[in-house]
Peer 1: 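Below is a structure I'd like to ask you about.
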Amino acid sequence: MADLKLTDVKKSFGNVAVLHGIDLDIKHGEFVVLVGASGCGKSTLLRLIAGLDEITSGSMEIGGEEVNGIAPAKRGIAMVFQSYALYPHMSVFKNMAFGLKVTGSDKASIQKKVEQAAKTLGIDHLLKRLPRELSGGQRQRVAIGRAIVRDPKVFLFDEPLSNLDAALRVQTRVEIGKLHKELGATIVYVTHDQVEAMTLGDKIVVMNAGRIEQCGTPLQLYQHPQTLFVAGFIGSPKMNFIEGIVKHISEDCLVLTLSDGTITKAYVDSSGCNLDDVVTFGIRPEHLTEDSSADVSLLATVTLVEQLGEASYLYLTLADGTEMVMRTSGESTTIIGEQVEVGFNPESGHVFDADGGALTRLRAGNTKSVAELAQIKAQLSN
Amino acid sequence: MKIRHDRAKALMVHAVLLTYTLIALFPIWVVIINAFKSRKAIFNDPLALPTADTFSIVGFEEVLLRSEFDVFFSNSMIVTLTSIFFVLLFGAMIAWALTEYKFKGNLLIAVLVAMGIMIPIRLGTVSILQLMSDLNLVNTLTALVLVYIAQGLPLAVYILSEFIRQIPKDLKEAARCDGVGEIKIFFAIIVPLIKPAMATVAVFTMIPIWNDLWFPLILAPSEGNQTITLGVQQFIGQFVTDWNSVLAALTLAILPILVLYLIFSRQLIRGLTSGAVK
Ligand SMILES: Nc1ncnc2c1ncn2[C@@H]1O[C@H](COP(=O)(O)OP(=O)(O)OP(=O)(O)O)[C@@H](O)[C@H]1O
Ligand SMILES: [Mg+2]
């Protein structure tokens with residue numbers, strides 16, 4: 001078993017504190033995706049898990065064993081670097097075999113393992129080539145292969161697909177997903193790509209400035225972001241935020257006056273609210289429609305239209321100057337400068353208090369937690 | 001317009017380089033052509049090519065048959081190759097340690113190395129001679145090798161550090177994750193990647209050692225331990241100089257260094273074209 005448990009892990013470089021206390025529990029076989037703005041400490045966290053940097057305080061366990069101060073090689077981890085970090089003077093075969101060779105495996109078993117991994121990754125015809133004779137995607141696969149052959153307890157990926165072009169990225173993403181199912185290994189994966197995070201992760205960890213902001217299944221984060229930061233970070237284009245004032249409170253909903261004067265309900269837990277509180281109302285671009293018969297509608301001016309083909313993004317300005325984005329069908333004929341009525345269903349709204357914390361949504365899709373999903377998976381496999 | 005300008009510039013650069021090459025090669029050329037002429041012809045017209053009349057290899061005969069040329073030659077080879085080997089080995093190790101690890105005294109060692117580049121080792125000749133005689137190493141090739149290692153190390157460390165710094169950090173860390181020990185990382189990853197730099201260092205180190213007259217004269221002047229530059233001196237007498245032999249010996253002395261240079265320079269060119277990490 002390769003559970004990974006971080007307890008209050010802190011890291012400083014000299015006087016600069018980078019991680020301010022990370023608690024993270026990763027179960028065996030889980031695919032955990034770390035996301036967060038550039039510089040928030042994702043790579044640092046990964047390097048700490050790998051043992052390439054020492055943690056400043058806190059404790060870290062891999063498979064129930066404390067690994068503070070243990071060398072990377074002895075932790076049973078394998079890391080795939082963004083730059084691939086293939087040994088340039090060794091053939092693909094040697095690249096993959098090197099780690100096994102120095103740790104003293106016998107020749108026959110090395111040969112077998114490398115060939116098997118190469119076959120899994122579809123690079124068995126490239127074994128004799130040097131890294132510089134490979135394409136980016138092939139190098140990427142060699143880097144993954146080098147990790148696989150060592151049979152690690154935990155795989156660490158640091159933005160492994162960021163050097164690939166869009167098509168190859170999708171293909172490799174799918175392959176990594178498949179690989180995870182095949183190997184059943186624990187994976188910690190850093191990415192900037194929303195789609196990668198949503199599709200690959202069993203669990204997504206959103207980091208912000210050295211702290212974990214929220215941790216949950218992709219849908220949980222999408223439907224129940226606990227903070228403004230997470231709400232803005234998950235989803236693309238990002239969620240629209242409109243300032244609002246609480247005008248009426250009932251048991252299962254609030255009535256808000258938005259900054260442009262529109263009145264809307266919001267189905268959230270209202271227990272902590274007072275009348276006239278200033279809150280932030282959030283609505284995702286994909287939950288806005290050009291349908292004036294919707295429950296609530298906002299009057300807005302179109303300032304820019306981005307046509308993607310299957311959909312179009314309309315950039316809107318409300319009467320009070322608040323800017324918004326909406327996703328509409330690709331067939332929409334709306335043009336710049338037009339006044340549109342933008343409707344939405346209040347059930348898809350989010351409300352955040354003055355501190356940026358979310359009020360619990362009462363009518364959002366019923367998402368299951370990571371633990372519940374794991375339980376269901378376990379039942380299915382029995 | 002632009003192209004013409006570039007071409008003019010290239011022409012200028014080449015003209016300068018060519019002139020320099022000609023100046024540098026001229027003495028060597030004179031040595032080689034005169035080595036194949038009779039003594040009289042050397043003095044009559046030093047710049048003329050050997051003709052059927054003036055052609056003579058008496059100098060080579062003299063050198064090869066009547067002196068211990070083979071001993072001088074092998075001494076020079078041993079001293080040069082051993083020194084290069086250790087300069088490269090220790091130089092790369094020091095460079096790796098200084099750039100990769102933080103330890104007490106790191107800065108001190110770096111400063112000492114830098115001083116080694118600035119202060120010519122010959123200033124210390126007297127103390128070196130004293131040291132060698134205390135160690136009972138006077139008149140041995142070992143003494144020469146030790147001095148040449150010391151002489152070559154600073155520049156080697158300096159050049160190799162620069163190259164080692166350019167090796168991506170990820171590469172070493174990937175190896176560490178792979179369970180490769182530090183010593184193995186050095187020999188299996190760092191050394192192969194800085195080979196071109198090591199070839200450069202080898203060339204820089206080799207030439208002054210091969211040509212050196214000073215330390216062989218002071219530390220190992222006895223029969224049997226003379227290097228080629230020192231051995232040639234026996235033909236230069238106070239009253240008569242056997243120019244044929246001197247020139248022949250010098251011509252022969254060029255050969256091995258030329259071969260070594262060719263070996264290293266192939267490495268150099270291969271290194272330059274071997275492609276980056278990504
Ligand atoms: N060796 C170091 N010394 C000092 N500061 C460092 C060091 N490594 C990282 N940092 C700092 O730690 C912070 C987090 O860096 P990190 O590389 O973990 O960010 P990241 O989340 O991976 O960003 P990105 O998405 O751009 O890769 C940054 O502010 C960085 O400047
Ligand atoms: Mg990073």
Side-chain angles (χ1 to χ4, degrees), chain A residues 14 43 46-47 49-53 70-90 94-105 129-136 139-140 142-144 146-147 149-152 154-160 162-163, chain B residues 88-89 92 95-97 99-104 106-107 160 162-202 264 266-278:
Chain A
S43 298
L46 217 56
R47 293 169 51 81
I49 297 175
L52 293 171
D53 282 329
I70 291 183
K74 304 231 166 77
R75 295 188 176 199
I77 51 98
M79 186 143 169
V80 178
F81 292 82
Q82 180 178 357
S83 62
Y84 315 142
L86 300 178
Y87 311 125
H89 56 294
M90 296 185 197
K94 280 195 184 148
N95 257 287
M96 291 168 71
F98 189 52
L100 294 174
K101 215 161 103 193
V102 294
T103 44
S105 305
R129 298 216 200 150
L130 286 176
R132 66 166 181 272
E133 298 159 349
L134 301 179
S135 74
R139 281 179 213 180
Q140 179 59 63
V142 176
I144 296 175
R146 191 171 62 178
V149 292
R150 297 188 40 235
D151 231 342
V154 182
F155 282 95
L156 306 172
F157 287 84
D158 195 353
E159 301 186 35
S162 56
N163 286 329
Chain B
L88 290 181
L89 179 71
W96 165 247
T99 50
E100 183 66 14
Y101 304 114
K102 286 198 187 98
F103 56 92
K104 253 197 191 150
N106 186 317
L107 186 67
L160 296 178
E162 256 343 283
F163 272 75
I164 288 178
R165 237 174 252 135
Q166 283 167 17
I167 295 177
K169 205 171 87 185
D170 284 356
L171 223 51
K172 306 164 211 163
E173 299 193 327
R176 282 186 192 132
C177 287
D178 261 354
V180 186
E182 295 298 316
I183 293 176
K184 184 90 184 173
I185 291 180
F186 175 72
F187 282 110
I189 293 172
I190 304 303
V191 169
L193 291 181
I194 56 169
K195 254 194 207 158
M198 290 174 85
T200 316
V201 171
F264 289 131
R266 271 193 53 189
Q267 248 320 315
L268 265 180
I269 290 158
R270 198 181 298 163
L272 290 176
T273 53
S274 76
V277 177
K278 221 171 62 186

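Letters A, B, ... mirror the listed sequences (proteins, then strands); counts begin at 1.
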Peer 1: Who wins among A:K74, A:M90, A:R146, A:K101 for the most heavy-atom pairs under 4.5 Å with chain B?
Peer 2: A:R146

Peer 1: How close do A:N95 and A:P131 get, heavy atom to heavy atom, and via which atoms?
Peer 2: ND2-CG, 3.6 Å

Peer 1: Ignoring hydrogens, what is the shortest heavy-atom contact between A:T103 and B:G179? Give both atom names and the distance.
Peer 2: CG2-O, 4.2 Å

Peer 1: Below 4.5 Å from any heavy atom of chain B, which atoms of A:R75 appear? Answer side chain, backbone, both or neither.
Peer 2: neither

Peer 1: Is chain B contacted by the side chain of A:Y87, its backbone, both, or neither, given a heavy-atom distance below 4.5 Å?
Peer 2: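 Contact with chain B involves both backbone and side-chain atoms of A:Y87.
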
Peer 1: Between B:K172 and chain A, with a heavy-atom cut-off of 4.5 Å, which part of the residue counts as in contact: side chain, backbone, both or neither?
Peer 2: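 Contact with chain A involves no heavy atom of B:K172 at all.
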
Peer 1: Relative to each other, are the rings of B:W96 and B:Y101 parallel, tilted or perpendicular (30° and 60° limits)?
Peer 2: perpendicular

Peer 1: Considering only NZ, NE, NH1 and NH2 on the basic side and carboxylate oxygens on the acidic side, decide whether B:E173 and B:R176 come within less than 4.0 Å.
Peer 2: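 Salt bridge between B:E173 and B:R176, a charged N being under 4.0 Å from a carboxylate O: no.
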
